[in-house]
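Beneath this line is the structure, given in structure tokens, with notes to follow.
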Amino acid sequence: MADCIFCKIAAGEIPSTKVYEDDLCLAFRDLNPQAPTHILVIPKDHIQSVDEIDASNEAVVGHIFSVIAKVAKDEGLDKGYRVVSNIGEQGQQTVPHLHFHIIGGRDMTWPPG
Ligand code: DGP
């Protein structure tokens, strides 16, 4: 999608620090890390948010979750980690392209703010 920053990262038009890539998805380090490990996993095709997941695109989301588990293992997050997807205005989503944050390397707090 034109003017989507994560579409541009997926296309290689904006540089990123990639940790995993295949035909369907990309994982790269967050520009503004909130923990020692902070990685974003995105589908290469544009989906706005979790709110747009349906039967037509659910397969890629399942694939992304297997990639999340692999990336977490590769990053050594054996003590645990958190997967977050912010959705819309109240969810504090700032980039309107579906992404899952993998956050780890420190103790998390609950409830989230
Ligand atoms: P969210 O607020 O859930 O929409 O998260 C968007 C995240 O994307 C935020 O943690 C910062 C990150 N981010 C924004 N622009 C870029 C970028 O150009 N490169 C990288 N690596 N991360 C970005």
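Atoms within each ligand, like the ligands themselves, are counted from 1 in listed order. Only heavy atoms go into these numbers, but all of them, side chains included; no hydrogens, no water, no symmetry mates.
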Look at atom 23 (C) of ligand 1 and find which of L31, I42, I5 reaches it with the closest heavy atom. L31

So, H63 and D22: side-chain donor and acceptor under 3.5 Å apart, yes or no? yes

Decide, yes or no, whether a salt bridge links R29 with E75 under the criterion of side-chain N to carboxylate O below 4.0 Å. yes

What residue and heavy atom of the protein are closest to atom 10 (O) of ligand 1, and at what distance? D30 OD2, 2.5 Å

Closest approach of any protein heavy atom to atom 1 (P) of ligand 1, naming residue and atom: H99 NE2, 3.1 Å

Using a strict cut-off of 4.0 Å, indicate which atoms of ligand 1 neighbour a heavy atom of N86. 1 (P), 2 (O), 3 (O)

Pairwise side-chain contact, P43 with I64, heavy-atom cut-off 4.5 Å (strictly under): yes

Same cluster (ILVMFWY, side-chain, under 4.5 Å), I103 and V71: no

Any side-chain donor paired with an acceptor under 3.5 Å for S49 and D51? no

Going by the atom numbers of ligand 1, which of them fall below 4.0 Å from some non-hydrogen atom of F28? 20 (C), 21 (N)

Atoms of ligand 1 less than 4.0 Å from F6 heavy atoms? 8 (O)

Could you give the side-chain donor-acceptor pairs of residues 104-111 under 3.5 Å, partners two or more places apart or in another chain?
residue: R106; atom: NE; partner: Q34; partner atom: O; Å: 3.2
residue: R106; atom: NH2; partner: Q34; partner atom: O; Å: 2.9

When the ring centroid of Y20 is compared with that of F28, is the distance short of 6.0 Å? no

Please classify the Q92 to ligand 1 contact at 4.0 Å (heavy-atom distances, strictly less than): side chain, backbone, both or neither. backbone

I'd like to check whether S16 has a polar contact with ligand 1, where a contact means an N/O of the residue lying under 3.5 Å from an N/O of the ligand. no

Is it true that H99 and H97 have ring centroids separated by less than 6.0 Å? no

Heavy-atom proximity to atom 2 (O) of ligand 1, picking from T94, L40, V95, points to T94

Check ligand 1 against Q93 and write out every atom of the ligand that is under 4.0 Å from a heavy-atom position of the residue. 4 (O)

Ligand 1 versus R29, non-hydrogen atoms closer than 4.0 Å: side chain, backbone, both, neither? backbone

Can I9 be said to touch ligand 1, with heavy atoms closer than 4.0 Å? yes

